[in-house]
Every structure is written in C-alpha cells, then in structure tokens.
Visitor: 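Pasting a structure here, questions to come.
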Amino acid sequence: MSEPYYITTAIAYPNGRPHIGHAYEAIATDAIARFQRLMGRDVRLITGTDEHGLKMAQTARNARRETLEFADEMSSYFKDMCGKLNISHDNFMRTTDAQHHAASIALWKAMEANGDLYLDRYEGWYSVRDEAYYADDEVTGGEGEQKLSPQGTPVEWTVEESWFFRLSKYQDQLLTHFRDNPDFIRPDSRKNEVLRFVEGGLRDLSVSRTSFDWGVPVPGSPGHVMYVWVDALTTYLSGIGYPDAEGEFSRFWPANVHIIGKDIVRFHAVYWPAFLMSAGLPLPKQVFGHGFILARDGAKMGKSAGNAADPLELAERYGVDQFRYFLLREVSFGQDGSWSEEAIVARCNAELANSFGNLAQRTLSQIFKNCDGYLPTINGYSDEDNALFELVGKAVSETIPAAFNDLALSQAAEAWINAVFACNAYIDAQAPWALKKTDTERMEAVLATLYICIAQLAVAISPIIPTSADLLLERMGIPNTVRDFNGIASHWYSPLAESDFRLEQPVGLFPRLELTVEEAVA
RNA sequence: GGCGAAGUAGCUCAGCUGGUUAGAGCGGUGGAAUCAUAAUCCAUAGGUCGGGGGUUCAAGUCCCUCCUUCGCUACCA
C-alpha cells in the first residue's frame, strides 16, 4: 500500500453562494491532491460545509425557512461548485451529519476527560454578525446609540453561561511545537503573526453558546451548543471516519496539510492544535494560509462588497481548466492576487492556446499528415533532441514536482510553461515541415521527440488542468498506466509506435478565448 | 502605538546566506518562418531596483531614517 496523504480545504460557511475565494481554495487543494496521486500517494481530500451557528439560523429564519432545509440548499451550492470545478474530493463533510455530531461529541469528551473544559460565565458585548464578544473598550457608540464592534457590526450586552477551554494551558506547548516544526504554519508571514499572538498570552476560550440551539449539543449540558469553530474544525476528523478510530482515520490522520484562507489562520494554527493536544490526538503536519483573490480594482472580494464574481459563471464562460489554470498560474500561492476577465483571457490564450495547445496541434497535425497518423519510428537522436529531452525531463521530473511538493503552485506552472516554450523553440529550429522534403527520417525523429515531450508535459500539468490533459493524452494513445510522473518518464513510446495506434485528425485543445462584449466595451 | 510584509522595466512579478554589463513573462518595436488555433521563433526596448544617509574593496541584497501601501495586534492617555 502506498503512502497516505491527507489534505483538506477549509470547511466553508455557506451563508451565501460560493465566491471566487472558495473556488480558488478548492482548486488549489485539488491540484495538490491530484499531484500527490500522480506521485503514487494514496490521497484523501476532504472538503465540506460548516452549517451551524447563529448566523445560519437567523438567515434561515429571515427567509422563513426551516434551518436544516435551508442549510441543505446552501450546502448544495458548495457541493455543486466542487462538481463543476472538477474537485476530486473523497468526501464532502457537512457539520449537520449525524456522524459529524458524534465526532464532535467524542472530541469534546476527550477534551473534557483531560480536564480542559469548565463551566463559567461569559459577559460582554456580543456581535451576532461576527459571532464574537468584544471588550468594553473595543466597542464604539455613545449613550443611547447603537453600540458597534471594531468591525462596525452591532453589538449587544450579553451574559451567558459558557463552557471554557483551557487554551492558556497550551501556550508553551504550542510555542514549542511551532519552534520544533518550522513548517507547521506557512507561509512565514502568517507564522510570524501566530507566533506573536501566542507569545502575547492566551486566554481561555469560550466554546459553548446558550443563546441559540443550532449546533452540536454539548454532552451532559442541556441548553449548550458547541461554539461553531469546535465542530467546524472537527470536520477534519469526521471526514475520514472519526470517532471510529480504526480504518480510514487511523490510516490518514494526522493530515498532511490543511489549506485555508489567511483570515482563519488563528483558528487552525492555535485553537485547533490546542484542541487536538487536549484530546490526545496528533497534530496536522502543516497549515497553509493562502491569500485572497482580489478584483481588478483591488477591492476585496466578498458578498458584502457587492463585486463578488460567480466562479461558476467564469468557469463556464472561459472553461473550467482555463479558470483553474489562470488562478493557480497567476497568483503566487500564499500571497494575494488579482483577477480580471482580461487577465484570464490573456493568460489562457498566451499559454494554453498559443503555446501549449498550438504546440500539440502543430506536432500532431504533422504526424497525422506526413506519417499517415502512425507514430514515427526513431532511428537515433541528435544532440538537439537530447538537449530538449534533458530540459523537459528536468522540468517534469525535478522542477515541477519539487514546486508542487512545496505548494509553490504558480512556480510549478511557470516551470511547465518554460518547458513548453523550449519545445516551440525546438520545433522552429528543427523545422520538420522543411525536413519533410529533404530528410524524412530526421523529420520523424523530430516529431517523435516532440511527441514524447508533449506527453510528459501533459502529465506534468494535469493536476491543474486535468480534463484537458487527459483528453490530449487520450488522443495521443498514452496508456492510463503511464499517466503519472513515474510512468510518463518510462519508455512507453516505442511500444505505442509499434502498436496499431493511429492518430485521429487533431483538434485544437484550447480554443482561443475572447472577452465578453460587456467587458470589452467597459 | 507595537510587530511584520511590500514598494525593482508600461503592466505582473523573480532576484537565497551582499560580488561579473539588474532578470522573466505580458505589452511595444524590428526581423524570420509558414507545420499549426493569424498561433510560433529570434532580436530589442536601456528601469538612479520608493527618498535620503551609512557600513563595505563591493549593496535591490546589510544598518539607520523618512514616505507610501497592506497584514496582524494593541491601546497606554
């Protein structure tokens, strides 16, 4: 059995439809998962929705909907998004699942058994919108006015009984863990923020609520439901079978990496490991906080900003693989990035259509026309051929895997496109269309060289553009068994050339994109 | 206020522990080619590497300071 690899997205709060940030996270996580599969790992990718909390209950009530039924609908949008964006998740975990409740309760009891939960009173300015308490001096608004949180949301003085988690107890253990595992939080800029936060001292965390009942009931404490983050984070466990400690869970926990947005690093890098320490469970190996995808004008994306683009609409308009490629290629993973329709069109046309798609098209077309569709046989390679093999081979078996391994997704794509550029330079320099008249044997060697390189490049980029890559490999007759990083580096060409495989009339892989009319006018 | 990140060619950005004429992609310009999705290839455009000061034989690359943007965090009065 191959080595397990467990990766998760954050568990989205489906208070609205998924926006481009959700799509970005799912796509990035999926590309990493697909890469690991191509490296031979036994992968689990878990995603899902975090459906509890007061906000959800209120939104449903305002819409005069039954809460669960409302949650069903909202969750389904996220599940649909995963389907449409070709996310290869193994499980879509909902916090409203019965098994998830059982998992949350099991985690709770484990923390309780460790003496880390106690009942106390909590009072302060509570913001329903933020689902958070604020200190007296954080609140603004004079006598008789509506008090506002630092985020500008309305707050009310609230007193409630609450269970507390002894977070303070874990300060030193956390710092030790951060020190001993320098890659636990990435990128470094996020790690520094967390370090400073923890070094500044940790207060115990309120982990239950009594003001509403839409959540996982606290065991043995009627009227209390768990703080949403407790059960949301538990999804990483329940998604692979917890509380059943056998089977999937024992094989895949701890997770290799949690992919999350930079805004929720603290929950994943402080609270979550503390919960796990308390429950006696091993910690995930890494938490990676990616950046935000900003609109062209620099405004933060979000439903409240009113400029949230529908990722599914963009994917439909420009193509799922094109959309995936754009996001992962354009944005340095871990940093913020921006998008625009112009940028999508420009990037995809330049690299996918003109460089790679056209490379495949011109190569396959020549084989189709000049070799009657049969793969040319090889009678020795020239230095130029070997130089290209070396360059592409290095990209495919060293640079690109190394970048993926390091979650440097844009660098992986960059290394790939550079190898594609080299192929185009090679085909122009060798000019097989001229060799056709002077030296058909040499022409065949050139086309064979390109054929091999194109197949390797298709496999290497397939984590990012899986459908297109597979389609090309299929048309090229590349057996499924060699469509991974090891296989495609093996000697599959001669057997294929000697088989009765014959190319069909080549068809363009990536149509050139055009801006939509509105966008072009604007 | 504290801490941190960033400010490099028109645009988007690479530049690790300081060291040949500061790089890439896109865009622009000039060629070449015509197999291919009017796609490709080659060459090139000369940016005081945010401002100022300093260390050094040598600094985008270290130190100080100022300006701008952003993130985390805090709030002394």
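These numbers come from the heavy atoms of this one structure, side chains and all, not from hydrogens, waters or symmetry mates. Within every chain, numbering begins at 1; the chains are lettered A, B, ... in the order of the sequence lines, protein sequences first and strands thereafter.
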Visitor: Return the value, rounded to whole Å, for the distance between atom CD of A:Glu193 and atom P of B:G71.
Guide: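 Value for this atom pair: 10 Å.
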
Visitor: Across the strands shown, which category fits A:Ala425 at heavy-atom distances under 4.0 angstrom: base, sugar-phosphate, nothing?
Guide: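 The answer is sugar-phosphate, as A:Ala425 gets under 4.0 Å only of primed atoms, P, OP1 or OP2.
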
Visitor: When you measure from the centre of the six-membered ring of A:Phe184, is the NZ or CZ of A:Lys191 under 6.0 Å away and within 45° of the axis?
Guide: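 Output no; distance or angle outside limits.
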
Visitor: Measure from the side-chain heavy atoms of A:Arg347 and tell me the nearest of B:G71, B:U40, B:G25.
Guide: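 From the listed options, B:G25 comes nearest.
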
Visitor: How many whole angstroms separate atom CZ of A:Arg362 from atom C1' of B:U37?
Guide: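 Roughly 11 Å, once rounded to whole Å.
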
Visitor: Please convert RNA chain B into dot-bracket. A pair counts if it is Watson-Crick or G-U wobble with both distances under 3.5 Å; crossing pairs go in [ ] and bases paired with another strand get |.
Guide: (((((((..((((.....[...)))).(((((.......))))).....(((((..]....))))))))))))....

Visitor: Indicate, with a heavy-atom threshold strictly under 4.0 Å, whether A:Gln335 touches base, sugar-phosphate, or nothing.
Guide: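 Touches sugar-phosphate only.
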
Visitor: Within the structure shown, what part of the strands sits under 4.0 Å from A:Ile417 by heavy-atom distance: base, sugar-phosphate, or nothing?
Guide: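 Since no nucleic acid heavy atom lies under 4.0 Å of A:Ile417, the category is nothing.
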
Visitor: B:C72, OP1 or OP2 - any side-chain N/O from A:Lys191 closer than 4.0 Å?
Guide: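 Negative; the distance criterion is not met.
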
Visitor: Grab the CG-P distance between A:Asp336 and B:G7 for me, whole Å please.
Guide: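 These atoms are roughly 14 Å apart.
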
Visitor: What's the shortest heavy-atom distance between A:Ala412 and A:Ile400, and which atoms?
Guide: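 That would be O-CG1, 3.8 Å.
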
Visitor: When the distance from NZ of A:Lys436 to P of B:C35 is rounded to whole Å, what number comes out?
Guide: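 These atoms are roughly 7 Å apart.
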
Visitor: Ignoring hydrogens and angles, tell me if any N or O in the side chain of A:Ser499 forms a donor-acceptor pair with the backbone of A:Leu496 under 3.5 Å.
Guide: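 Flag set: sc A:Ser499 to bb A:Leu496 pair under 3.5 Å.
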
Visitor: As a test of reading the structure: which of B:G25, B:G71, B:A36 is closest to the side chain of A:Gln361, going by heavy atoms?
Guide: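 Among B:G25, B:G71, B:A36, the one nearest the side chain of A:Gln361 is B:A36.
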
Visitor: Look at the side chain of A:Asn358 and decide which nucleotide, out of B:U37, B:A36, B:C41, has an atom nearest to it.
Guide: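 Looking only at heavy atoms from C-beta outward on A:Asn358, the closest nucleotide is B:A36.
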
Visitor: Report the distance from atom CZ of A:Arg329 to atom P of B:G25, rounded to the nearest whole Å.
Guide: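 Those two atoms, CZ and P, are 11 Å apart.
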
Visitor: Under a plain distance cut-off of 3.5 Å, with no hydrogens placed, do A:Glu330 and A:Tyr325 share a side-chain donor-acceptor pair?
Guide: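 Per modelled atom types, A:Tyr325 and A:Glu330 side chains form no pair under 3.5 Å.
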
Visitor: Taking donor-acceptor contacts at under 3.5 Å, does the side chain of A:Gln366 reach the base of B:C35?
Guide: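 In this structure, the two groups form a donor-acceptor pair.
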
Visitor: Expressed as a whole number of angstroms, how long is the span from A:Leu352:CG to B:A36:C1'?
Guide: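 These atoms are roughly 16 Å apart.
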
Visitor: Side-chain donor-acceptor pair under 3.5 Å between A:Ser382 and A:Arg442, yes or no?
Guide: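 Present: a donor and an acceptor within the cut-off.
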
Visitor: Starting at atom CG of A:Asn192, determine the distance to atom C1' of B:G4, rounded to an integer number of angstrom.
Guide: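 Those two atoms, CG and C1', are 7 Å apart.
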
Visitor: Does any N or O in the side chain of A:Arg324 come within less than 3.5 Å of the main-chain N or O of A:Asn86, such that one atom is a donor and the other an acceptor?
Guide: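 Yes, because the side chain of A:Arg324 sits within donor-acceptor range (under 3.5 Å) of the backbone of A:Asn86.
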
Visitor: Do you see a donor-acceptor pair shorter than 3.5 Å between the side chains of A:Tyr374 and A:Asp500?
Guide: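 No.
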
Visitor: Measure from the side chain of A:Arg196, starting at C-beta and using heavy atoms only, and say which of B:G4, B:A33, B:C41 lies closest.
Guide: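 Among the listed nucleotides, the one closest to the side chain of A:Arg196 is B:G4.
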
Visitor: Report yes if at least one side-chain N or O of A:Gln411 is closer than 4.0 Å to OP1 or OP2 of B:C13; otherwise report no.
Guide: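 Looking at the OP1 and OP2 atoms of B:C13, neither is under 4.0 Å from any side-chain N or O of A:Gln411.
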
Visitor: For A:Asn418 and B:C13, give me the distance from atom CG to atom P, rounded to whole Å.
Guide: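 For the pair A:Asn418 CG and B:C13 P, the rounded distance is 18 Å.
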
